[in-house]
Protein chains: 2
Amino acid sequence: MTEPQPKGSPTVGRRERKKARTRAAIQHEALRLFGEKGYDRTTMEEIAEAADVSASTLFRHFSSKEALVLTDEYDPLIIGACRSQPAELGAVEAIRRGILGVFEHMSEEALADIRVRAELAVSVPSLRAAMLDQLAQAIRDVTTIVAERAGRTSDDFAVATLAGAIMGVMLAAELYWVEHPESELFALVDDALAHLERGLTL
Amino acid sequence: MTEPQPKGSPTVGRRERKKARTRAAIQHEALRLFGEKGYDRTTMEEIAEAADVSASTLFRHFSSKEALVLTDEYDPLIIGACRSQPAELGAVEAIRRGILGVFEHMSEEALADIRVRAELAVSVPSLRAAMLDQLAQAIRDVTTIVAERAGRTSDDFAVATLAGAIMGVMLAAELYWVEHPESELFALVDDALAHLERGLTL
DNA sequence: CTCCTGTTTGGGAGTAACTGTCATTAGTGT
DNA sequence: ACACTAATGACAGTTACTCCCAAACAGGAG
């Protein structure tokens, strides 16, 4: 066990850096091509070509074409942010603040990226479909958070129901956002969760 | 314009009946094979073989492998049932009664079918994914119903939020049901919507 | 520097879900 | 019986994805 990172590099050696760069390059080229030519009209081979890697390598980094669009690193951040909210807050409020906290610290670039992905994810059937896997994972995560704050187990049906409602209103916000381009995602998510906390009265 | 249906046949002629029978046979064999061999280990050709049709015909009836599991005829029934609830009921209550009304009139066989599908839809990634398309459509349908009852437009964000919450709690009920086989789907859906109407208090 | 080890990559063969086309068959209205 | 349309079948082609094996390469030990 000699020191793993001798100098400035905070995480790892050249190997992993190269890997990360390759991965980023692939995703970058993929999103570019999807934007230029359309998702369906872009083949995995073209993406591999553009990123100057073999098709094998592409599939090792991204297990599916959908993953090229849907993969991001925000979910763990949001979960952490929700968890670290003051304990006296209710679950919905904690999640609301957690989400908005993460959004606030994002660059304009990253936000634009999210919008592109969301538009793709809504307009391309196979992507729209693949999103549910993310949604299901999100429901599980939310269930855990809700259970923690309520002092109940994740098996509690009331907890599951609330988690479902939370993800439901957030999904509705996202869909509304894509259909109304002039709106702002944060504001909608904020509104939706606030509306939920007030009991969804019309 | 001579009379389309001369005798007792309420809808159509032999051609469409045959078509419907072929379609039903395909789906039946598909679900059987999926149950026996597993979804991934069953090919479209095997299904075509088992239903005694060509692969072409299979794809004409079901545009994708997922559609074989996810296609059903209940959504329009449920929508109709919700619409025909007394006008004085709130949206959530109308939907609750509409859904339970349809479920009540279903045979044990049909219910078992639904269970098999739900289990497949949860356990098989590509199906889990494809469900979101159904979910999105359901959210749109629910949005319409909610808007009607609230005397608002479908563009109203509060309406969209409520619709999202309704589908969210129903999805949560379905997921809970699959994870807790001893529970009853109706009861869970009923509970979930009732919980929602009471404001999702823990 | 040199060898050794484990990881990343590339290449190629193979599978299976689709797609499109065209000829054939089978119901339907006249 | 005859024409018309809808359903089917057969076939070739595309593409996402998997498996496998060999080459290149980074990192540590002698």
Side-chain angles (χ1 to χ4, degrees), chain A residues 1-7 9 11-26 29-30 33-34 37-71 124-127 129-130 133, chain B residues 1-7 9 11-26 29-30 33-34 37-71 124-127 129-130 133:
Chain A
M1 274 200 221
T2 55
E3 306 183 36
Q5 53 265 25
K7 312 185 208 154
S9 95
T11 47
V12 284
R14 169 158 51 217
R15 186 140 65 189
E16 309 219 3
R17 258 178 288 139
K18 249 191 141 172
K19 188 175 176 181
R21 256 196 298 131
T22 301
R23 188 184 170 81
I26 291 173
E29 293 300 316
L33 287 171
F34 291 160
K37 310 185 29 174
Y39 182 82
D40 289 330
R41 283 183 298 274
T42 305
T43 72
M44 295 296 264
E45 299 219 351
E46 286 173 322
I47 297 167
E49 191 97 2
D52 199 29
V53 296
S54 72
S56 310
T57 300
L58 199 172
F59 279 107
R60 263 187 218 101
H61 282 280
F62 295 92
S63 59
S64 71
K65 193 174 178 180
E66 291 89 30
L68 284 165
V69 177
L70 297 176
T71 298
V124 179
S126 64
L127 286 173
D133 254 11
Chain B
M1 275 203 219
T2 55
E3 304 183 38
Q5 53 266 24
K7 313 185 205 152
S9 93
T11 48
V12 283
R14 168 154 53 216
R15 198 198 248 144
E16 308 220 4
R17 257 178 289 141
K18 252 191 139 170
K19 188 175 176 179
R21 255 195 298 133
T22 301
R23 187 184 171 82
I26 290 173
E29 292 302 314
L33 287 171
F34 291 160
K37 309 184 30 173
Y39 182 82
D40 289 331
R41 283 182 299 273
T42 304
T43 72
M44 294 297 264
E45 298 220 351
E46 287 173 321
I47 296 167
E49 191 98 1
D52 199 28
V53 296
S54 71
S56 310
T57 300
L58 200 172
F59 279 107
R60 265 189 215 98
H61 280 281
F62 296 92
S63 59
S64 72
K65 194 174 178 180
E66 290 91 30
L68 283 165
V69 178
L70 297 176
T71 298
V124 179
S126 64
L127 286 173
D133 254 11

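Sequence lines set the chain letters: A, B, ... in the order given, protein chains first and strands last, and positions in each chain run from 1.
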Q: A:Ser56 has a side chain; which of D:dT8, C:dG10, C:dA26 sits nearest to it?
A: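 Given the options D:dT8, C:dG10, C:dA26, the side chain of A:Ser56 is closest to C:dG10.
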Q: Does C:dG10 have OP1 or OP2 under 4.0 Å away from a side-chain N or O of A:Thr57?
A: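 For C:dG10, OP1 or OP2 has a side-chain N or O of A:Thr57 closer than 4.0 Å.
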Q: Could you check how far CZ of A:Phe34 sits from C1' of D:dA16, rounded to whole Å?
A: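 Roughly 12 Å, once rounded to whole Å.
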Q: Is the shortest side-chain N/O distance from A:His61 to OP1 or OP2 of C:dT8 below 4.0 Å?
A: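 Answer no for this pair, as no side-chain N or O of A:His61 is under 4.0 Å from OP1 or OP2.
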Q: Do any side-chain nitrogens or oxygens of B:Lys18 fall under 4.0 Å of OP1 or OP2 in C:dG27?
A: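 For C:dG27, OP1 or OP2 has a side-chain N or O of B:Lys18 closer than 4.0 Å.
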Q: For B:Lys37, does the NZ atom sit with more than 12 other heavy atoms under 6.0 Å from it, leaving out its own atoms?
A: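 Atom NZ in B:Lys37 is crowded, with more than 12 foreign heavy atoms closer than 6.0 Å.
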Q: May I ask you to say what B:Ser126 touches in the nucleic acid, namely base, sugar-phosphate or nothing, with a heavy-atom cut-off under 4.0 Å?
A: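 Nothing: the residue B:Ser126, judged by heavy atoms under 4.0 Å, touches no strand.
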Q: How long is the line joining CZ of A:Arg23 and P of C:dT7, in whole Å?
A: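 Checked: the CZ to P distance equals 18 Å.
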Q: Can a cation-pi geometry be assigned to B:Arg23 and B:Phe62, taking NZ or CZ under 6.0 Å from the six-membered ring centre and within 45° of the ring axis?
A: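 Yes; both conditions hold, so B:Arg23 lies above the ring face of B:Phe62.
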Q: Return the value, rounded to whole Å, for the distance between atom CD of B:Glu66 and atom C1' of C:dA16.
A: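 Answer to the nearest Å: 13 Å.
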Q: When the distance from CG of A:Leu58 to P of D:dA16 is rounded to whole Å, what number comes out?
A: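 Computing the A:Leu58:CG to D:dA16:P distance gives 10 Å.
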Q: Rounded to the Å, how far apart are B:Ile47 CD1 and C:dC18 P?
A: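 Whole-Å distance recorded here is 10 Å.
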Q: Closest approach to the side chain of B:Ser64, judged atom by atom: which nucleotide of D:dG9, D:dC17, C:dC18 is it?
A: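 Selected nucleotide: C:dC18.
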Q: Report the distance from atom CZ of B:Arg14 to atom P of D:dA7, rounded to the nearest whole Å.
A: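 Whole-Å distance recorded here is 15 Å.
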Q: Would you classify B:Thr43 as touching base, sugar-phosphate or nothing, given that sugar-phosphate means primed atoms plus P, OP1 and OP2, and contacts are heavy atoms under 4.0 Å?
A: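 Touches sugar-phosphate only.
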Q: Donor-acceptor check, side chain of B:Thr57 to backbone of B:Val53, threshold 3.5 angstrom: yes or no?
A: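 Side chain of B:Thr57 to backbone of B:Val53: no pair is present.
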Q: Which nucleotide in the list D:dC17, C:dA17, D:dA10 gets nearest to the side chain of B:Arg60?
A: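 Side chain of B:Arg60 sits closest to D:dA10.
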Q: Measure CG/A:Leu68 against C1'/D:dA16 and give the value in whole Å, please.
A: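 For the pair A:Leu68 CG and D:dA16 C1', the rounded distance is 12 Å.
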Q: Measure from the side-chain heavy atoms of B:Arg15 and tell me the nearest of D:dC20, C:dT28, D:dT18.
A: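 The answer is C:dT28.
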Q: To the nearest angstrom, how far is A:Lys19 atom NZ from C:dT7 atom P?
A: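 Rounded to whole Å, this separation is 10 Å.
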Q: Of A:Thr43, A:Leu68, A:Thr42, which meets side-chain contact (heavy atoms from CB on, under 4.5 Å) against A:Leu33?
A: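 Result: among A:Thr43, A:Leu68, A:Thr42, A:Thr42 is the only option passing the side-chain contact (heavy atoms from CB on, under 4.5 Å) with A:Leu33.
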Q: Ignoring backbone atoms, test whether A:Ser63 places a side-chain nitrogen or oxygen under 4.0 Å from the OP1 or OP2 oxygen of D:dC17.
A: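 For A:Ser63, the contact criterion (side-chain N or O under 4.0 Å from OP1 or OP2 of D:dC17) is not met.
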Q: Under 4.5 Å between any side-chain heavy atoms of B:Lys19 and B:His61, yes or no?
A: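 They are in side-chain contact.
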Q: Of all the nucleotides listed (D:dG9, C:dG10, D:dA6), which has the minimum atom distance to the side chain of B:Ser54?
A: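 Looking only at side-chain atoms, B:Ser54 lies closest to D:dG9.
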